[in-house]
Amino acid sequence: MSYTKEDILRIAQEENVRFIRLQFTDLLGTIKNVEIPVSQLVKALDNKMMFDGSSIEGYVRIEESDMYLYPDLDTWVIFPWVTQDRVARLICDVYMPDGTPFAGDPRGILKRVLKEAEQMGFSSMNVGPEPEFFLFKTDEKGNPTEELNDRGGYFDLAPTDLGENCRREIVLTLEEMGFEIEASHHEVAPGQHEIDFKYADAIKAADQIQTFKLVVKTIARQHGLHATFMPKPLFGVNGSGMHCHQSLFQGDENAFYDENDQLGLSWTARHYMAGILKHARAMAAITNPTVNSYKRLVPGYEAPSYVAWSASNRSPMIRIPASRGLSTRVEVRNPDPAANPYLALAVMLKAGLDGIKRELSLPAPIDRNIYVMTEEELVEEGIASLPADLKEALGELLRSEVIADALGDHALAYFYELKEIEWDMYRTQVHQWERDQYLSLY
């Protein structure tokens, strides 16, 4: 829905809203907020709410800490789970005191790349995300355990799927908050779930991913469960992905569709995919941003580990769903739900636009199971692998001018620094696997 300042003030009064959360996202993708009483709502709607940016990961130094939150009025929503002293939410863009957009605001970064697409003649980028998650039981103190809520599998139902009631309440809550839910089901791994919501323009889709995570975690906790979007919480089973269906539009026309093409794909779509494949290894640090992300990107667990595409095969990184016409789209399958959605969409769009600008040639599709191909066959087909770990991905990120330009100097520098620290902490830690393997042997 579209709201005016007057609409929001009226609704807040009618619905007895007492507090408003001004939400934004840090560089790592974590939702942050400044909560204000309703008495300060007018000030917030006038873009006059200040906060300390030096306390936020990847923002600014302490000597330049004053920043402002500019609410996006169309993101106004009242949280359904708070019935007394009601709480509403506005998602905000981050601005500097001089009125310029903050270069390190992930939402602003995505807006900047979308502006580039608009200058190339594309009015919108539509995105349909599929974030998966696990449900674990909590202990008597409410802390997460490593015990799954169920032992169900793909499309199982109660009583095997013990998360069904929780998942159903998540769906109802999301619908009450304006989501159009298309499906919900148990995923392949025990305790793993997926809820699909309708595609939207890129900014709204990223906002919805952040809202989705908040709702899932909140409702799960009410059921005595812990929801996690960690990419690979358990060894030996599938990890959680966040497949991103995407297409570019020119007005009301899908720029990816060509009815005269054998696959129904336009040259724009082919160049876009070629750009995604060209920059896949450099994007990985953003689309798969944690040490744990690369435990998911291994053969045998339905997650892509090779840079390739197919119109049907699900082992490559890009798949083309069967729908055509306005629904023609590419499905990029390597991103995971730990990714900052604004940055992930920004780098994928930037890569695709680079493919269109340079009219990059799309390699031949790979319609066989890549996981059973030998190393010689992979080399012969020219199929590269995604990075094997976060360190390798960070190296690829630094070498890419295109992806660096998407992020901008500020975000690239801070993101790289934070991830280098994460990698070094992981690298120097002694893990239980090492003790199990070596303590007695040596």
Side-chain angles (χ1 to χ4, degrees), residues 27-29 58 106 109-110 113 129-132 206 209 229-232 239-244 246 272-299 301-309 315-319 330-355 360 363 370-371 378 382-407 411-424 426-427:
L27 208 55
L28 298 181
I109 289 170
L110 176 55
V113 182
E130 297 177 348
E132 298 167 338
I209 291 169
F229 292 91
M230 179 180 178
K232 186 82 169 185
S240 290
M242 187 175 69
H243 303 165
C244 290
Q246 49 201 279
Y272 186 93
M273 284 194 288
I276 295 279
L277 296 175
K278 172 74 174 177
H279 300 291
R281 287 175 55 82
M283 293 190 302
I286 305 299
T287 57
N288 307 91
T290 70
V291 163
N292 181 255
S293 295
Y294 297 86
K295 307 294 178 70
R296 168 181 166 257
L297 299 179
V298 295
Y301 297 100
E302 296 192 2
S305 51
Y306 298 104
V307 181
W309 77 280
S315 61
M317 183 183 133
I318 295 179
R319 185 180 76 93
V330 303
E331 178 189 4
V332 184
R333 298 172 57 82
N334 65 299
D336 66 54
N340 182 322
Y342 302 102
L343 297 185
L345 294 182
V347 297
M348 285 188 282
L349 175 58
K350 182 72 173 184
L353 293 178
D354 184 61
L360 296 179
I370 300 178
Y371 299 140
L378 291 171
I383 301 173
S385 297
L386 287 166
D389 55 41
L390 181 60
K391 179 65 174 178
E392 185 180 346
L394 290 171
E396 293 286 343
L397 174 63
L398 283 189
R399 285 190 284 272
S400 173
E401 292 184 8
V402 170
I403 303 306
D405 186 59
L407 297 175
L412 176 63
Y414 276 87
F415 181 87
Y416 185 84
E417 180 183 2
L418 291 168
K419 289 300 168 179
E420 274 281 281
I421 293 170
E422 179 180 335
W423 172 257
D424 202 52
Y426 171 74
R427 181 185 63 83

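- Counting heavy atoms from C-beta on, the side chains of L297 and N288 come closer than 4.5 Å.
- Side chain of Q246 to main chain of C244: a donor-acceptor pair is present (N/O by atom type, distance under 3.5 Å, no hydrogens or angles).
- Counting heavy atoms from C-beta outward, Y416 and I421 have side chains that stay 4.5 Å or more apart.
- Counting heavy atoms from C-beta outward, I370 and L378 have side chains that approach closer than 4.5 Å.
- Residues I209 and M242 have side chains in contact (heavy-atom distance under 4.5 Å, counting atoms from C-beta outward).
- A distance of 10.5 Å separates CZ in R399 from CG in L394, rounded to the nearest 0.5 Å.
- A salt bridge links K350 with D405: at least one charged nitrogen is closer than 4.0 Å to a carboxylate oxygen.
- Remark: the backbone N or O of V330 is not paired with any side-chain donor or acceptor of W309 at under 3.5 angstrom.
- Remark: L390 CG to D424 CG distance equals 11.5 Å, nearest 0.5 Å.
- Side-chain atoms of E130 do not come within 3.5 Å of backbone N or O of H243 as any donor-acceptor pair.
- Here the closest non-hydrogen pair linking L397 and A285 is CD2-CB, 4.0 Å.
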Evaluate the criterion side chain to side chain contact (heavy atoms under 4.5 Å, CB included) for residue pair L386 and V307; output intermediate values, then yes/no.
CA-CA 6 Å; L386 287 166; V307 181; 4.0 Å; yes

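- With hydrogens and angles ignored, the 3.5 Å screen pairs a side-chain donor or acceptor of R281 with a backbone N or O of S385.
- Contact record, L353 with V113: CD1-O, 4.0 Å, taken as the closest heavy-atom pair.
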Before you tell me yes or no, could you show the steps for R333 and M317 under side chain to side chain contact (heavy atoms under 4.5 Å, CB included), namely the whole-Å CA-CA distance, both residues' side-chain angles and the distance that decides it to 0.1 Å?
CA-CA 5 Å; R333 298 172 57 82; M317 183 183 133; 5.7 Å; no

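- Using a 3.5 Å distance cut-off with no hydrogens or angles, the side chains of E392 and Y294 do not pair a donor with an acceptor.
- Side chain of E422 to main chain of V291: a donor-acceptor pair is present (N/O by atom type, distance under 3.5 Å, no hydrogens or angles).
- No donor-acceptor pair under 3.5 Å is formed between the side chain of D336 and the backbone N or O of P231.
- Separation of atoms CG (L407) and CD1 (I286) is listed at 4.5 Å; rounding is to 0.5 Å.
- When side chains are defined from C-beta on, I318 counts as touching L277, because their heavy atoms get closer than 4.5 Å.
- A distance-only check finds a donor-acceptor pair linking the side chain of R296 to the backbone of N334 [under 3.5 Å].
- Closest non-hydrogen pair, M283 versus I276, comes out as CE-O, 3.7 Å.
- Closest approach of I403 and A282 over heavy atoms only: CG1-CB, 3.9 Å.
- Summarising the geometry of S293 relative to P289, their closest heavy-atom pair is OG-N, 3.5 Å, with the distance given to 0.1 Å.
- To the nearest 0.5 Å, atom CZ of residue R427 and atom CG of residue D389 are 12.0 Å apart.
- The environment of K419 atom NZ is dense: over 12 non-hydrogen atoms of other residues, nucleotides or ligands sit within 6.0 angstrom.
- Between L27 and P106, the closest heavy-atom pair is CA-CG, 4.2 Å.
- You'll find the side chain of N340 stays beyond 4.5 Å of the side chain of F415, heavy atoms only.
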